[in-house]
2 protein chains.
Amino acid sequence: MGTTSKALSLLEYFDRTQPVIGLSDLARLSGVNKATCFRLMSELVEHGLAEQITESREYRIGPAVLRLAALREAAVPLRDLAMPILQRLAQTTGETAHMSHLVGGRLATLAYAYSAAHAMKVMMEDAEVLPFHATSSGYAVLAHMTPPLAEAILSQPLAPVTKSTPVRAPDVRSRMAEVRRLGHARTAETFEADVASLALPLFDARGAVSGAIAVAAPVTRMLPSASARTLTALIAAAREAMAGWGGQIPDELDALWRQTQEATP
Amino acid sequence: MGTTSKALSLLEYFDRTQPVIGLSDLARLSGVNKATCFRLMSELVEHGLAEQITESREYRIGPAVLRLAALREAAVPLRDLAMPILQRLAQTTGETAHMSHLVGGRLATLAYAYSAAHAMKVMMEDAEVLPFHATSSGYAVLAHMTPPLAEAILSQPLAPVTKSTPVRAPDVRSRMAEVRRLGHARTAETFEADVASLALPLFDARGAVSGAIAVAAPVTRMLPSASARTLTALIAAAREAMAGWGGQIPDELDALWRQTQEATP
DNA sequence: CCCTGTTGGTTTATTATATGAACCGACGGT
DNA sequence: ACCGTCGGTTCATATAATAAACCAACAGGG
């Protein structure tokens with residue numbers, strides 16, 4: 001592995017639950033030698049990708065990412081593109097809509113929108129990492145990624161997020177097959193009790209899966225008739241999003257979606 | 001220089017005017033060998049910091065920065081902290097207020113707010129890099145950074161942005177001295193014709209200059225009386241921003257600002 | 001008041017890794 | 001068919017990354 005990769009991989013240990021990490025902790029977490037870790041972090045700090053807190057000397061994500069993110073958004077206004085679509089999706093379904101993004105082998109929440117239809121709704125967090133085996137978005141993505149990558153994910157221990165979360169690889173695999181057969185992913189109470197969710201995979205310009213778009217609702221409202229309506233709205237939103245950034249829908253999936261759309265006019 | 005630094009420095013060639021760069025161009029710009037450049041970019045792409053456009057095979061900033069930026073904002077809500085302050089500043093002065101941030105030796109626009117008072121106003125761009133010798137924010141920062149860093153910037157060729165932009169290092173240096181003497185920076189028509197601007201430096205927790213806050217207006221509206229009112233509003237805003245993130249104002253500057261505030265009640 | 005286990009950071013010889021000149025096939029003009 | 005340039009690859013060479021041991025400083029605990 002390249003040195004640069006090692007340095008960049010250090011950044012992936014920072015997340016919402018652990019936004020600041022000390023040198024020794026980071027070395028332990030990453031398995032990188034402490035001296036190496038120090039040098040790498042120093043270089044990241046030099047370029048503003050990381051930052052050292054004055055007092056505690058711990059590290060956190062640096063200010064340079066703000067400039068880069070603004071640049072990225074300017075070049076590829078992904079979130080700007082997603083927001084109106086999600087808002088419309090939330091409004092027509094009356095439930096919470098969200099989009100997630102595959103980056104560095106992890107699925108992160110990119111944007112979301114709420115509906116005003118119900119007082120009780122599913123709430124989202126910014127930049128939250130979604131477990132593949134416990135969310136509909138995760139299954140939608142997992143089912144359409146390259147087999148080696150999916151295997152790499154399945155070979156890691158699967159945490160039981162709720163009592164209903166599948167933790168055995170065979171169970172996950174059979175769900176993946178089902179997702180491929182139906183063209184969409186559905187979960188209920190696998191990520192949080194009383195929450196059901198419906199998701200579609202999203203693809204980039206190369207036709208590789210790049211994320212998912214989903215609608216989450218209380219299980220009591222995700223009844224068959226509502227699900228059917230939600231699914232057609234979801235398909236329209238997915239098509240719109242991918243049209244916006246030149247994503248390529250695989251042919252078989254496109255056919256499946258078309259069938260679904262025609263079945264529910 | 002470390003390999004990681006070399007890789008990260010490649011990211012700095014992407015900006016608003018050049019959001020996508022081909023391999024050969026990037027190698028030329030950075031002076032890095034083409035093969036090396038390729039390998040480094042491949043590693044950046046692997047981690048999502050860069051991305052390759054499918055068709056043209058050119059590179060641009062990648063999607064991972066979005067996750068990192070969200071994380072950074074969550075840990076250090078800089079922009080969230082700045083926005084209400086800028087909005088109030090824009091409202092009380094009736095002009096465009098903006099804040100910029102020193103990152104990797106460059107001054108980048110972080111946030112800005114407009115006033116509804118006038119139809120004609122100075123417009124800002126996201127993540128724009130401000131030339132040190134052509135903007136009031138640049139002078140405010142330049143005048144308070146460590147001499148070696150300032151010298152490094154002055155040793156580079158100074159582009160004549162407008163007809164009034166100082167391009168000779170002695171001129172810039174005398175302006176810097178003036179900024180230090182007065183406690184604030186003022187420019188007129190150095191960045192764009194008919195635009196005048198007033199800026200204050202901002203400091204981080206270590207007391208090192210970290211950016212600037214400024215008000216920009218048409219020269220015809222930046223008259224002495226308006227300038228005095230703007231300056232006091234600017235000082236209040238700068239103090240508020242630094243209080244919000246624990247910035248340390250150098251003692252002499254704090255005294256200068258206090259005098260100004262007391263002179264204009 | 002020492003003991004012990006941390007912390008962030010530094011030094012060193014060793015070696016693995018980055019490097020760059022030359023090369024390749026593909027594309028676009030002329 | 002020629003020429004220049006593109007993104008990408010190869011491989012011998014040498015530079016840059018590495019990790020163990022070592023600091024000094026701090027924080028409890030006995």
Side-chain angles (χ1 to χ4, degrees), chain A residues 1-14 17-63 75-76 146 204-208 246 248, chain B residues 1-14 17-63 75-76 204-208 246:
Chain A
M1 181 176 40
T3 314
T4 305
S5 285
K6 214 172 290 185
L8 296 181
S9 72
L10 290 179
L11 292 177
E12 306 187 359
Y13 294 94
F14 294 86
T17 66
Q18 204 169 17
V20 305
I21 310 182
L23 179 61
S24 297
D25 274 344
L26 192 55
R28 250 192 304 280
L29 278 170
S30 59
V32 173
N33 181 282
K34 192 160 60 107
T36 304
C37 188
F38 171 69
R39 221 174 23 73
L40 295 179
M41 285 310 289
S42 298
E43 297 201 67
L44 291 176
V45 167
E46 224 175 287
H47 289 265
L49 278 209
E51 180 181 62
Q52 205 166 14
I53 299 172
T54 321
E55 242 307 291
S56 64
R57 296 189 151 180
E58 290 171 307
Y59 296 93
R60 66 179 170 204
I61 300 298
V76 188
T146 60
D204 65 16
R206 281 183 295 272
Q248 289 288 342
Chain B
M1 178 177 43
T3 312
T4 305
S5 286
K6 213 172 289 183
L8 295 180
S9 71
L10 290 180
L11 292 177
E12 305 188 359
Y13 293 95
F14 293 86
T17 66
Q18 205 169 14
V20 305
I21 310 181
L23 178 62
S24 296
D25 274 344
L26 191 54
R28 250 191 305 278
L29 278 169
S30 60
V32 174
N33 180 283
K34 191 160 61 109
T36 305
C37 188
F38 171 68
R39 223 172 22 73
L40 296 179
M41 284 312 287
S42 298
E43 297 203 67
L44 291 175
V45 167
E46 223 176 287
H47 288 266
L49 279 208
E51 180 181 62
Q52 205 167 13
I53 299 171
T54 322
E55 242 308 292
S56 64
R57 294 188 151 178
E58 292 172 307
Y59 296 93
R60 65 179 169 203
I61 301 299
V76 188
D204 66 14
R206 284 182 294 271

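It should be emphasised that the depicted structure is a prediction, and the values quoted were computed from it without experimental measurement. Order of the sequence lines sets the chain letters (A, B, ...), proteins ahead of strands, with each chain counted from 1.
In this structure, CD of Glu43(A) is placed 13 Å from C1' of dA18(C), rounded to the nearest angstrom. One interatomic measurement links the two molecules: CD1 of Ile53(A) to P of dG8(C), which rounds to 11 Å at whole-angstrom precision. Rounded to whole angstrom, the span from the CG atom of Leu29(A) across to the C1' atom of dT7(C) amounts to 15 Å. Rounding to whole angstrom units, CG of residue Leu40(B) and C1' of dA16(D) are separated by 13 Å. Rounded to whole Å, the distance from CZ on Phe38(A) to C1' on dA21(D) is 17 Å. When the P atom of dG9(C) is taken as reference, atom CG of Asn33(A) falls 15 Å away, rounded to whole Å. Taking atom CG of Leu26(A) as the reference point, atom C1' of dG8(C) lies 13 Å away to the nearest angstrom.
In the helix from dC1(C)-dG30(D) to dT30(C)-dA1(D), the terminal helix axes, each the rotation mapping four pairs' C1' atoms onto the next four within five end pairs, subtend 40°, rounded to 10°.
Annotation: side chain to side chain donor-acceptor pair (under 3.5 Å) contacts of Asn33(B) (sequence neighbours excluded): none. Under the salt bridge (Lys or Arg N to Asp or Glu O under 4.0 Å) criterion, Glu43(B) pairs with Arg39(B), not counting sequence neighbours. With sequence neighbours excluded, the residues satisfying side chain to side chain contact (heavy atoms under 4.5 Å, CB included) with Phe38(B) are Leu23(B), Ser42(B), Tyr59(B). Every side chain to side chain donor-acceptor pair (under 3.5 Å) that Glu58(A) has, sequence neighbours left out, goes to Ser56(A). Residues meeting the side chain to side chain donor-acceptor pair (under 3.5 Å) test with Glu46(A), sequence neighbours left out: none. Scored by the side chain to side chain contact (heavy atoms under 4.5 Å, CB included) test, Thr17(A) finds Asp15(A) as partners (sequence neighbours excluded).
In this structure, Thr36(B) contributes its side chain and Val32(B) its backbone to no donor-acceptor pair below 3.5 Å.
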Open item on the list: What verdict does the side-chain contact (heavy atoms from CB on, under 4.5 Å) test give for Thr3(B) and Leu40(B), after you've listed the backbone C-alpha separation in whole Å, the side-chain angles of each residue and the deciding distance to 0.1 Å?
Closed with: CA-CA 9 Å; Thr3(B) 312; Leu40(B) 296 179; 3.9 Å; yes
TODO: For the pair Leu8(B) and Leu8(A), evaluate side-chain contact (heavy atoms from CB on, under 4.5 Å) and give the outcome as yes or no after the intermediate values.
DONE: CA-CA 10 Å; Leu8(B) 295 180; Leu8(A) 296 181; 4.1 Å; yes
Task: Step-by-step side-chain contact (heavy atoms from CB on, under 4.5 Å) determination, Leu49(A) to Leu49(B) - done: CA-CA 11 Å; Leu49(A) 278 209; Leu49(B) 279 208; 3.7 Å; yes
TODO: Would you please test Leu29(B) and Gln18(B) for side-chain contact (heavy atoms from CB on, under 4.5 Å) and show each step?
DONE: CA-CA 12 Å; Leu29(B) 278 169; Gln18(B) 205 169 14; 3.9 Å; yes
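The closest side-chain heavy-atom distance from Glu12(B) to His47(A) is below 4.5 Å. Ile61(A) is not listed as a side-chain neighbour of Glu51(A), based on a closest heavy-atom distance of 4.5 Å or more. Side-chain contact between Tyr13(B) and Ser30(B) is present, with heavy atoms from C-beta onward closer than 4.5 Å. In this structure the side chain of Cys37(B) reaches within 4.5 angstrom of the side chain of Leu10(B), judged on heavy atoms. Within the 4.5 Å cutoff, the side chain of Gln248(A) has no heavy atoms near those of the Asp204(A) side chain.
Across the interface with DNA chain C, nearest-nucleotide mapping of Val32(B) and Glu58(A) shows Glu58(A) to be the residue nearer the 5′ end.
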Would you tabulate the nitrogen or oxygen pairs shorter than 3.5 Å linking the protein to nucleotides 10-14 of chain D?
none

What pairs of nitrogen or oxygen atoms, one from the protein and one from nucleotides 25-30 of chain C, lie under 3.5 Å apart?
none

Polar atom pairs between nucleotides 4-6 of chain D and protein, under 3.5 Å, N or O only, would you list them?
from, atom 1, to, atom 2, distance (Å)
dC6(D), OP1, Arg28(B), NH2, 3.1

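The salt bridge (charged side-chain N to carboxylate O under 4.0 Å, His left out) pairs that include a residue from residues 21-31 of chain B are Asp25(B)-Arg28(B), where partners are two or more places apart or lie in different chains.
Considering only side-chain atoms of Arg39(B), the nucleotide from dG9(C), dT19(C), dG8(D) that sits closest is dT19(C). The side chain of Arg57(A) has dG9(C) as its nearest neighbour among dG8(D), dT18(D), dG9(C).
Look at Thr36(B) and you'll find a side-chain N or O under 4.0 angstrom from OP1 or OP2 of dG20(C). Under 4.0 angstrom from either OP1 or OP2 of dG9(C) there lies at least one side-chain N or O belonging to Tyr59(A).
Near DNA chain D, meaning a heavy atom under 4.0 Å away, the residues from residues 3-11 of chain A are Thr3(A), Lys6(A).
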